Amino acid sequence: MEGALDCETDNISRTMTEEEPFMKKMLSVLLAAMLMMSLLAVPALAEGQVLTVVTWDTTTTPYLIAQKEAFEASHPGVTIEYVDAGTGNEYEVKVNTLLSGGDTSDVIMLKENDQVVKWQSQGFAAPLTDYIADYDMSGFVGIEKNYAIDGVQYGIPFRSDFWVLFYNKDLFEAAGVDLPTNDMTWDQYAELAKKMTDKEKDIYGTHYHTWLSTVANWAVCDGKYTLADGTYDNLLYFYKLYQDLEDYGACMTYADLKASGLKYAAAFENGNVAMLPMGYWLVSTLINDIKAGNASLNWGIVAVPHADGVAAGSSFGNMTGAMINAKSEQKDLAWEYISWLGGPEGAKATASVGARPAWVSEEIADAMAAVDGFPADDNSKAALLPVSVAMEWPVGEKVPDIKTIVNEEHSLIMAREVTPEEGIEEMNERVAELLK
Amino acid sequence: MSQAEVRKGRYKMGRLEKKNTLIAYSFLAPNFIGFAVFTLIPVICAVALSLFEWGGGDISRLKFVGLDNYATIFAAKKVAEKGIGYFFGRADLGIALKNTAFYTVVTVPLTIVCALALAMLLNKIRGAVFFRTVFFFPYVSSMVAICVCWSFMLMRNGPVNQFIMALGIDFNKGWTADSTMAIWSIILVSVWRNMGYYMVLYLAALQGIPRELTEAATVDGANKWQQFLHVTLPQLKPTTFFVSVMMVISCFKIYDVVAIMTEGGPGRATKMLVTYIYDEAFVKNRYGQASAISMVLLVIVLAITIIQFSSEKKFSND
Amino acid sequence: METSVHGREIRKDNPVLRRILRVIIWILLIALAVFTLIPFFWMISSSLKLDREVFAFPMRWIPETYHWENYSLIWERVPLLTYFKNTAFIAVMVTLLQTLTSSFAAYAFAKLNFRGRDVLFLCYIGTIAVPWQAYMLPQFIMMRSMGLYDTLWAMVVLQAFSAFGVFLMRQFYRSIPTELCEAARLDGLSEYGIWARIMLPLSKAAIATLVIFTFVNTWNDYMGPMIYLTRDMNKTIQVGLRRFIQQYSSDYHLIMAASLCSLVPVSVVFLCLQRYFIEGIATSGLKG
């Protein structure tokens, strides 16, 4: 303190000239740095029309590459330029920031169902009313309604992943057990999982990834119940089923998986897991990994098991789509792109790499089954057309809050910190408080 | 000293003081201009934002709501109805505050003690270069890789538990999936990662202690411990002030480790203030509420800083 | 000369006890070092495994077969070299600006008295306390309107003027005896002269610390570049690392390999600068 006071008494007539050498050095370094900076010029834009599409994992997602190639081939003079906006949850953070900053990219891809609601409410989504009047949406079998708000369409789906049951044919054949079928009940499935478990050979009957959807989401398959209804008693059966399997040793424990971060694809490809309920996206991963020589196993898919009173072949899923940025300066071209993307032509491009397009038809199912590396048996092909697909989560204002609560309690149940009954009661209470 | 006082009296006010202030400003300007434009103004915007409802998008969508955001995060209605116990027992903010405070109270002293001990040990010793580098390594490496490593180390049958079992303690649970141990795994990783960082700070500060002082103490017959207590520690006070303020702040802002290792779970066992802010801002698009939570954090940190700040002044006025 | 006498004096008083103490300290240090390094050992071993082996039960410390090709794969899969260049550019620029401006400003905070000093200083600390997540959006909107979005310059100006450096340097300057300033003033040096000729040389250790911290923090920053840099030619190493983590699959073996590579430059910076922690500088000027 005292020192600071004393400094006040300094004679200020002296100037910086005394310290010239040091300052000069610093300044010259700075100037050199500035020069370097100016060399980083913006690259020249490609000629012709360029459509910018904001999406994720652009260089590594096979269907994005296939779609770009197919669209550019059928639309000469148009170039698709992907804007890579991160991966995982960061996609939403980054897109939100970009759009709030006034970004003028033409098309924004929708990763989660509720993104269209969020971005529409912020004024980022262009309404598609004028365009869809003569656009055929029959192939979407109704899922496009998730992108409509108050009767106005804001997005077009182009991918729809529903859940199927993957199984390892080699393990079933080695154990001499009949393969899973397309119309198993959950009880039959649990029995099968126990039957396939072989502790001596370190073989697990089934595998549950750590998500809520792998264990509890099955309750929505009936198409009536949703996870935003506010009551969670329907989940009890599935938690009990899971804990029974975990106790038996028919699957790896949640705590271990959570800590180790073991990926479901790796778990399945390691070859000691007989069954795996998972989203359809795993198909293209498996095909690619086996082609690349990173894994070798014979696998197949069947419809996910069904609860009593629910039709066999009912599943749930998620969709991926695209919307037009309200600030885009070439909305017509953007519409040309997203309508193509969702329609049969785009669907073929999407299906060609093993991804599951939103447009469903026999023709597309044939195309999916014809992908090199897809299992050749009839059951696997039949599983491509589910009877019904419920949405994993409905869309609504309070849904993000409900999601947080249900996931928090889910993790407690799964880590055995509380019993399923206690956890479900907590879900009921907390969501009720929120909805009040 | 007396000379200075005389001069000070002579020029007490007036032009010279103004010129001195100008000199001070000329020192500040290069940093302050950048700081004001790129940090201070956005921060002030965030303070204001806590009084608005905003989901992002055009600025025209800002809606003034007064203190509503604060009422929401403090669960004002419920607390009025059910008492303060509700806030700390069930409200997200209360739980996040509790977890963050616990984490801070444990981590700050633990890290400081470890860092100071390491710095003292490595101050003048052969092979110090090697050890210093080793202990600084965790801080240098990328967060994802580190957290993934540690999650694996702390698994149910991972190496850490194997070590504990070898000591004869029966512990057979995965740390990150256990309600009580999860926060300790965060603490462990934080201390492990940051002790090298603060060790470096202390090492640098130790170089600044005039050797005359320690020598004088030795001559006076003080042993090493007394020397440490009465010479080294007081000399390190400015650094300790810096370290403790920075640590309190960074502990209150803990995010990455939690996001990668436990995602706030299981349940809400490791939900922290910033994980909560992140969730409100980027998952639920409630920027106003996120700002309001940040203000709670700001007030707490400023309060702690001012206390530490004034004690620093007392010290230097002695 | 003085020190050697002083050292001998201490060693004289109890040689056996001292030796035992020294051995204990060494054992302790080695144990701690092993504890610190274990995760890195696992990192190295994972970087040489196949993707699916990384998390396989039971864990293996030594890979079955060594997959050295992982280290060439990372350079092929993503333009890692570009990322390295960008990160190096940002880190060097930030460190330069940060060290220069904050050591300058810190002098005013530590050794000068002026109106509003304490309030201003609290402002600086206050901004450290606000989490970036809270003001990221206003900041982004502003930066974008300045045309800085998706330029490396954005990352430079965002980090170069942080309050951290000012705070750190202020604390170090405070521990430098004020008598030194006074003496210099009596000798006729201006404040700028005092800063350049006395404070800077005396705070070598502090500057080395600041350089290391700034460099490391900038090098490892993830969220900033993630939001502000979009084109591939502008991305940084930490953003590049996450490109191995994708929606439905992540390649942890490659992440480990790339993280280890990204460790090299920062370690070099640390090794180059750490000699300043050993070089005693404190006795140099007090006599004045």
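No experiment lies behind these values; they were computed from the predicted model shown. Chain A is the first sequence line, chain B the second, and so forth, proteins listed ahead of strands; every chain is numbered from 1.
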**OP:** Determine, stepwise, if the pair C:Arg170 / C:Tyr107 fulfils side-chain contact (heavy atoms from CB on, under 4.5 Å).
**Re:** CA-CA 6 Å; C:Arg170 171 191 182 266; C:Tyr107 180 70; over 6 Å; no
**OP:** Against chain B, label C:Phe167 side chain, backbone, both or neither, depending on which of its atoms sit under 4.5 Å from a heavy atom there.
**Re:** both
Original post:
Under a 4.5 Å heavy-atom cut-off, does chain C meet the side chain of B:Ile277, its backbone, both or neither?
Top reply: side chain
Subject >> Contacting moiety of C:Ile128, where chain B heavy atoms sit under 4.5 Å >> reply: both
Original post:
Quick one: what part of B:Ser250 sits under 4.5 Å from any heavy atom of chain C, side chain, backbone, both or neither?
Top reply: neither
Subject >> Proximal component of C:Ile141, with respect to chain B [non-hydrogen, under 4.5 Å] >> reply: side chain
**OP:** Please look at C:Gln238 and chain B and tell me whether the side chain, the backbone, both or neither of the residue comes under 4.5 angstrom of a heavy atom of that chain.
**Re:** side chain
Subject >> Which atoms of C:Ile207 approach chain B - backbone, side chain, both or neither, heavy atom under 4.5 Å >> reply: neither
Subject >> Test: B:Arg193 cationic atom under 6.0 Å from B:Tyr139 six-membered ring centre, within 45° of axis >> reply: yes
Original post:
In terms of heavy-atom proximity below 4.5 Å to chain B, should C:Leu210 be classed as side chain, backbone, both, or neither?
Top reply: neither
Original post:
What part of B:Phe163 lies closer than 4.5 angstrom to a heavy atom of chain C: side chain, backbone, both or neither?
Top reply: neither
Subject >> Under 4.5 Å from a heavy atom of chain B, the part of C:Leu137 involved >> reply: side chain
**OP:** Examine whether an atom of C:Met43 lies under 4.5 Å from a heavy atom of chain B, and if so say whether it belongs to the side chain, the backbone or both; otherwise answer neither.
**Re:** both
Original post:
Which region of C:Leu168, side chain (C-beta onward) or backbone (N, CA, C, O), has a non-hydrogen atom less than 4.5 Å from a non-hydrogen atom of chain B, or is it both or neither?
Top reply: both
Original post:
What part of B:Ile300 is in contact with chain C, defined as an atom under 4.5 angstrom from a non-hydrogen atom: side chain, backbone, both or neither?
Top reply: neither
Original post:
Which residue out of C:Tyr222, C:Phe164, C:Trp219 racks up the most heavy-atom pairs below 4.5 Å with chain B?
Top reply: C:Phe164
Subject >> Parallel, tilted or perpendicular: ring planes of B:Trp54 versus B:Tyr287, cut at 30 and 60 degrees >> reply: tilted
Original post:
Hey, which of C:Val269, C:Asn220, C:Val216, C:Leu271 has the most heavy atom pairs under 4.5 Å with chain B?
Top reply: C:Asn220
**OP:** State whether the side chain of B:Asn31 and the backbone N or O of C:Phe104 hold a donor-acceptor pair below 3.5 Å, judged by distance alone.
**Re:** no
Original post:
Non-hydrogen atoms of chain C under 4.5 Å away: do they reach the side chain of B:Leu302, the backbone, both or neither?
Top reply: side chain
Original post:
Quick check: does any side chain N or O of C:Asn217 sit under 3.5 Å from a backbone N or O of C:Phe213, one acting as donor and the other as acceptor?
Top reply: yes
Subject >> Contact leader toward chain B among C:Pro138, C:Ala134, C:Cys123, C:Ala129, where contacts are heavy-atom pairs under 4.5 Å >> reply: C:Ala129
Run the side-chain donor-acceptor check on residues 38-45 of chain B: report pairs under 3.5 Å with partners two or more places apart or on a different chain.
none

